[in-house]
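Working notes, structure below.
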Amino acid sequence: MDITWEQRKFSDIATRESSVCTSASDTPSVEYEDVVAEEGRLNKDIRSKEVVKTGITFDGSQVLYGKLRPYLHNWLNPDFKGIAVGDWWVLKPVNMDKNFLYRLIQTQQFDNIANQSSGSKMPRADWNLISSSEFMVPLSKEEQSKIGAYFDQLDHLITLHQRL
């Protein structure tokens, strides 16, 4: 198997979605307050929220990255469709495994670039800076998938251990 890695610009790995829609019973809204920072999981049943919100649509094939105060580490790898409300980037993988992309946005390298942000009181990650930055990625989608699955399994084991 070919396990060659190469430098790729982030804009060649992921694009930003921008289709705006309003939340409904079958498309719940995800806000910063709904996500456990650094853990990438929801802290409530977002389908039971009553308030209608407007945001960027996602269908479960993208990952969400919180661009406001990137040092707070808000990210989510949804397997459902919904609306990202507020300062989220909805990142669509381009010839890239979704779970690998989700892990890439959690790396120290990505974090360092995202935190070279604009704005002092409400710093936001700069898309132009991120999109032009280069990251090492495996060429093989199969290898990307294995790496993503490995970290998913590791997270699952950590969660189980914390419950004991």
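By the 4.0 Å N-to-carboxylate-O rule, Asp34 lies close enough to Lys49 to be salt-bridged with it. The pair Glu31-Lys53 meets the salt-bridge criterion, since a charged nitrogen lies less than 4.0 angstrom from a carboxylate oxygen.
Counting only distance, with no hydrogens or angles, the side chain of Ser131 and the backbone of Trp127 share a donor-acceptor pair below 3.5 Å. For Glu39 (side chain) and Trp75 (main-chain N/O), no donor-acceptor pair under 3.5 Å exists by modelled atom type. Without hydrogens or angle criteria, Asn115 side chain to Asp111 main chain gives a donor-acceptor distance under 3.5 Å. Side-chain atoms of Thr27 never come within 3.5 Å of backbone atoms of Gly82 as a donor-acceptor pair (strictly under, hydrogens ignored). Using a distance-only test at 3.5 Å, with no hydrogens or angles considered, no donor-acceptor pair links the side chain of Arg8 to the main chain of Glu6.
Considering only heavy atoms from C-beta on, Tyr65 stays 4.5 Å or farther from Asn74 through its side chain. A heavy-atom distance below 4.5 Å is not found between the side chains of His156 and Ile158.
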Using a 3.5 Å cut-off and no angle test, enumerate the donor-acceptor pairs between side-chain atoms of residues 54-62 and protein atoms at least two apart in sequence or in another chain.
unit_1	atom_1	unit_2	atom_2	d
Thr54	OG1	Thr22	OG1	3.4
Thr57	OG1	Ser19	O	3.3
Asp59	OD1	Ser61	N	2.9
Asp59	OD1	Ser61	OG	2.6
Ser61	OG	Lys92	NZ	2.7
Gln62	OE1	Asp59	N	2.9
Gln62	OE1	Gly60	N	3.4
Gln62	NE2	Glu17	OE2	2.9

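Phe80 CZ: more than 12 foreign heavy atoms inside a 6.0 Å radius.
Two different hydrophobic clusters hold Leu72 and Leu104 under the rule that ILVMFWY side chains link at heavy-atom gaps under 4.5 Å.
When the ring pair (Phe, Tyr, Trp, His ring centres under 6.0 Å) test is applied to Trp88, the partners found at least two apart in sequence or on another chain are Tyr32.
Cluster partners of Ile83, using a side-chain heavy-atom cutoff of under 4.5 Å among ILVMFWY residues and allowing indirect links, are Val85.
By the 6.0 Å and 45° rule, Arg103 does not stack over the aromatic ring of Phe110.
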